[in-house]
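Every chain is numbered from 1 and lettered A, B, ... according to where its sequence line falls, protein lines coming before strand lines.
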2 protein chains.
Amino acid sequence: MSDCLFCKIVAGEIPARITYEDELLLAFHDIAPKADTHLLVIPKQHIENLNDLSADDAELMSHLMLKLPVIARQQQLNGFRTIANTGKDSGQEVFHMHFHILGGEQLPGF
Amino acid sequence: MSDCLFCKIVAGEIPARITYEDELLLAFHDIAPKADTHLLVIPKQHIENLNDLSADDAELMSHLMLKLPVIARQQQLNGFRTIANTGKDSGQEVFHMHFHILGGEQLPGF
């Protein structure tokens with residue numbers, strides 16, 4: 001997707017503070033952090049959001065879920081909150097699926 | 001886990017307003033909703049949180065991720081926010097993995 005911000009980060013066309021990368025995933029620091037540590041974990045493949053998933057994405061999604069705590073531990077997070085917004089009503093701003101990881105402090109209620 | 005609130009809901013020992021059930025998952029309304037619609041989606045199997053996952057849980061987790069939008073659509077949610085707290089610092093209160101689904105209104109930032 002040539003106009004997608006996160007695809008441009010995957011392609012290396014826009015810089016990001018990357019903390020984790022493998023063949024399927026990329027994790028990087030949010031540029032407007034809402035906690036002491038605020039990462040975004042994205043699939044390299046352009047998927048709009050959870051509504052856009054098909055059975056073909058099963059392996060990707062289990063891989064992503066199993067890597068979330070690994071990516072959090074790399075940042076010395078004892079606990080962390082994972083948030084994914086799906087659709088405009090939820091506050092989704094970039095329409096390339098991303099899982100926020102928030103931590104590094106006692107998080108307030110939501 | 002005999003002392004786990006969510007295991008008791010799975011076992012039918014504590015009532016809940018269940019909206020979805022299959023062989024692996026259960027979804028029900030949160031008793032203290034933080035949005036117009038606030039569901040909890042849990043694995044029937046007792047898993048503490050994302051830190052507790054092993055490779056054996058890959059199929060469960062992809063199933064859960066693919067079912068989140070199905071469960072949200074059953075409640076006529078256009079958009080929805082998914083939140084999972086992992087560990088005390090994140091605000092996790094029940095140590096049986098659960099994914100919040102929040103929607104039914106324009107959600108504020110987090």
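- Using non-hydrogen atoms only and a strict 4.5 Å limit, the part of residues 92-104 of chain B facing chain A consists of B:F99, B:H100, B:L102.
- Listed here is the closest heavy atom pair of A:A58 and B:S62: O-CB, 3.0 Å.
- If you take OG1 on A:T86 and CG on B:N78, they are separated by 12.0 Å, rounding to the nearest 0.5 Å.
- In this structure, CG in B:L66 is found 9.0 Å from CG in A:L50, a value given to the nearest 0.5 Å.
- For the pair B:M65 and A:L53, the tightest heavy-atom approach, listed with the atom from each and the gap, is O-CD1, 4.1 Å.
- Placement of A:I47 and A:F6 in two distinct hydrophobic clusters is found when ILVMFWY residues are connected by side-chain heavy-atom separations under 4.5 Å, directly or transitively.
- A 6.0 Å sphere centred on CD of B:E59 holds no more than 12 heavy atoms belonging to other residues, nucleotides or ligands.
- In the hydrophobic cluster analysis, where Ile, Leu, Val, Met, Phe, Trp and Tyr join through side-chain heavy atoms closer than 4.5 angstrom, B:L24 is grouped apart from B:V10.
- For the set A:R81, A:M61, A:E105, the count of heavy-atom pairs under 4.5 angstrom toward chain B peaks at A:R81.
- Contact count versus chain A (heavy atoms, under 4.5 Å) is highest, among B:P69, B:S54, B:G87, for B:P69.
- Only the backbone of B:A55 has a heavy atom closer than 4.5 Å to any heavy atom of chain A.
- Across B:S90 and A:G79, no two heavy atoms sit closer than the pair CB-C, 4.3 Å.
- For the pair A:N51/B:R73, a side-chain contact is recorded, criterion being any heavy-atom separation below 4.5 Å from C-beta on.
- Looking at A:L68, the atoms closer than 4.5 Å to chain B (heavy atoms on both sides) all sit in the side chain, from C-beta outward.
- Proximity to chain B is limited to the backbone of A:K88, based on heavy atoms less than 4.5 angstrom apart.
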